[in-house]
Amino acid sequence: MSLGQQLAPHLPFLRRYGRALTGSQTHGDRYVRATLEAIVAAPTEFPRDVDPRLGLYRMFQAIWNSTNYDETLENSSAGEGDDQESIARARLARMTPLSRQALLLTAMEGFTPEDAAYLIEVDTAEIETLVNEALGEIEKQTRARVLIIEDEPLIAMDIETIVRDLGHEVTGVAVTRDEAVALAMEDRPGLVLADIQLADDSSGIDAVKDILAKFQVPVIFITAFPERLLTGERPEPTFLITKPFQRSTVKAAIAQALFFDSATVPAL
């Protein structure tokens, strides 16, 4: 099996990580594209002594930590929402980059502390400290008012419990597109958690489009098939939770979405 074939199944999830790390589909996907270009240009530099997924993320981390590439990315963004970019970069400076990476790699991407340590090149013992540092920053975030769009009662209850336990307020739970839009207009949320398939065969994506047409709000999509929304070939969500999900994953996703809230609106 070629290296490309080995890496292909992991690309959607690398896009998820890149988007969550940057708060932007555009920037996250650019880092992924640069990672692939680096692998193609110098295949012998790809780590062959580890699992292909681990090697892929390690190559991404090298690009992420490259000052030259970051400057190129910034220059290529000139004129594209400069105000939003400046806000995003200011917010990025609030939290130690390694702490955010450690949290996302373990809580969202499911890497072990040992693997996360390898990816960000620190001692394994430091991962717990970095994650706790990130969680400490999360505790300082402003509490949000959250709209949940989910048609499965048990899942909706589970999400609501997690959201409330994190200190956020739930403005309502919608099970259809029309109900979601009505609730959002009635009581404007500061964050939306949306399933893709809804009770009346309507789409959570369409519901979010309707809401975003009225006002800007950060959105996290929840789906059992994340790879369908992480192709990098069209406007897609920035923040994505995979079903079945764990509490830590939801917490990390909410934290990142709120971290970028007014700086980035998910592209659809």
Side-chain angles (χ1 to χ4, degrees), residues 16 19-24 83-84 86-97 99-104 106-108 128-150 152-175 179-195 204 207-208 210-212 214-223 237-243 245-266 268:
R16 175 178 63 186
R19 294 174 189 183
L21 193 62
T22 63
S24 162
D83 290 341
Q84 289 190 348
S86 63
I87 294 172
R89 290 183 179 278
R91 293 187 175 200
L92 279 169
R94 290 188 198 164
M95 191 180 291
T96 304
S99 65
R100 292 191 303 109
Q101 294 169 54
L103 177 63
L104 291 173
T106 54
M108 181 172 289
E128 182 178 358
T129 299
L130 289 169
V131 170
N132 287 336
E133 182 180 336
L135 293 175
E137 292 292 336
I138 290 172
E139 292 301 321
K140 299 175 184 178
Q141 286 184 320
T142 302
R143 299 310 178 191
R145 305 177 70 255
V146 182
L147 171 62
I148 298 171
I149 307 174
E150 171 60 65
E152 292 289 342
L154 292 179
I155 295 177
M157 290 174 60
D158 191 19
I159 295 172
E160 183 172 5
T161 299
I162 294 173
V163 168
R164 292 189 186 281
D165 285 349
L166 290 175
H168 304 297
E169 177 185 349
V170 175
T171 63
V173 177
V175 299
E179 185 179 2
V181 175
L183 285 175
M185 296 304 105
E186 178 182 337
D187 191 354
R188 180 169 173 169
L191 175 68
V192 175
L193 295 176
D195 189 10
V208 168
D210 292 343
I211 293 170
L212 292 179
K214 301 296 184 180
F215 59 87
Q216 294 186 348
V217 60
V219 179
I220 300 172
F221 283 98
I222 305 172
T223 175
T238 298
F239 300 101
L240 206 63
I241 294 174
T242 303
K243 290 182 179 179
F245 52 77
Q246 297 185 1
R247 178 188 178 92
S248 59
T249 305
V250 178
K251 185 170 185 176
I254 289 176
Q256 283 301 100
L258 293 177
F259 186 63
F260 288 105
D261 56 2
S262 65
T264 304
V265 176
L268 289 171

inquiry  = The test is side chain to side chain contact (heavy atoms under 4.5 Å, CB included); show your working for T22 and F260 and say whether it passes.
reply    = CA-CA 9 Å; T22 63; F260 288 105; 5.6 Å; no
query = Could you state the interatomic distance from CZ (F245) to OG1 (T223), rounded to the nearest 0.5 Å?
reply = 12.0 Å
request  = Would you check, one step at a time, whether the test side chain to side chain contact (heavy atoms under 4.5 Å, CB included) holds for E150 with V175?
outcome  = CA-CA 5 Å; E150 171 60 65; V175 299; over 6 Å; no
inquiry  = If I take atom CD1 from residue I211 and atom CZ from residue R188, how far apart are they, to the nearest 0.5 angstrom?
reply    = 11.0 Å
note = On a heavy-atom basis, the closest approach of A134 and S99 is CB-O, 3.5 Å
query = Just how far is it from atom CE of M108 to atom CG of L240, taken to the nearest 0.5 Å?
reply = 8.5 Å
remark   = In this structure, CG of L147 is separated from CG of L191 (nearest 0.5 Å) by 9.0 Å
Shortest non-hydrogen separation from A207 to I149 and the atoms involved = CB-CD1, 4.4 Å
remark   = In short, L166 meets R143 closest at the heavy-atom pair O-NH1, 3.1 Å
Cut-off 3.5 Å, no hydrogens considered: what does the side-chain donor-acceptor table look like for residues 154-164, sequence neighbours left out?
residue: E160; atom: OE2; partner: R164; partner atom: NE; Å: 3.2
residue: E160; atom: OE2; partner: R164; partner atom: NH2; Å: 2.9
residue: T161; atom: OG1; partner: M157; partner atom: O; Å: 2.9

message = Using 0.5 Å steps for rounding, measure from the CG atom of L103 to the CG atom of L135.
response = 5.5 Å
task = Check V250 against I241 and note the closest heavy-atom contact, atom names and distance.
result = CA-CD1, 3.9 Å
key: Over all atoms of both residues, closest heavy-atom pair of T171 and P189   = OG1-CB, 4.2 Å
query = Between Q246 (side chain) and S248 (backbone), is there a donor-acceptor pair under 3.5 Å?
reply = no
Least distance between heavy atoms, H168 atom then V146 atom = CB-CG2, 4.0 Å
query = What's the verdict on salt bridge (Lys or Arg N to Asp or Glu O under 4.0 Å) for E186 and K214, showing C-alpha distance, side-chain angles and the deciding distance?
reply = CA-CA 12 Å; E186 178 182 337; K214 301 296 184 180; over 6 Å; no
key: Flag for R16-T242: side-chain donor and acceptor within less than 3.5 Å   = yes
inquiry  = My understanding is that only residues two or more places apart in sequence, or in another chain, count here; which of them pass salt bridge (Lys or Arg N to Asp or Glu O under 4.0 Å) with E169?
reply    = R145
key: Derivation of the salt bridge (Lys or Arg N to Asp or Glu O under 4.0 Å) call for E152 and K243   = CA-CA 12 Å; E152 292 289 342; K243 290 182 179 179; over 6 Å; no
task = Say whether, by atom type as modelled, one donor and one acceptor occur between the side chain of Q256 and the main chain of A252 under 3.5 angstrom.
result = no
Side-chain touch E137/F259, heavy atoms, less than 4.5 angstrom = no
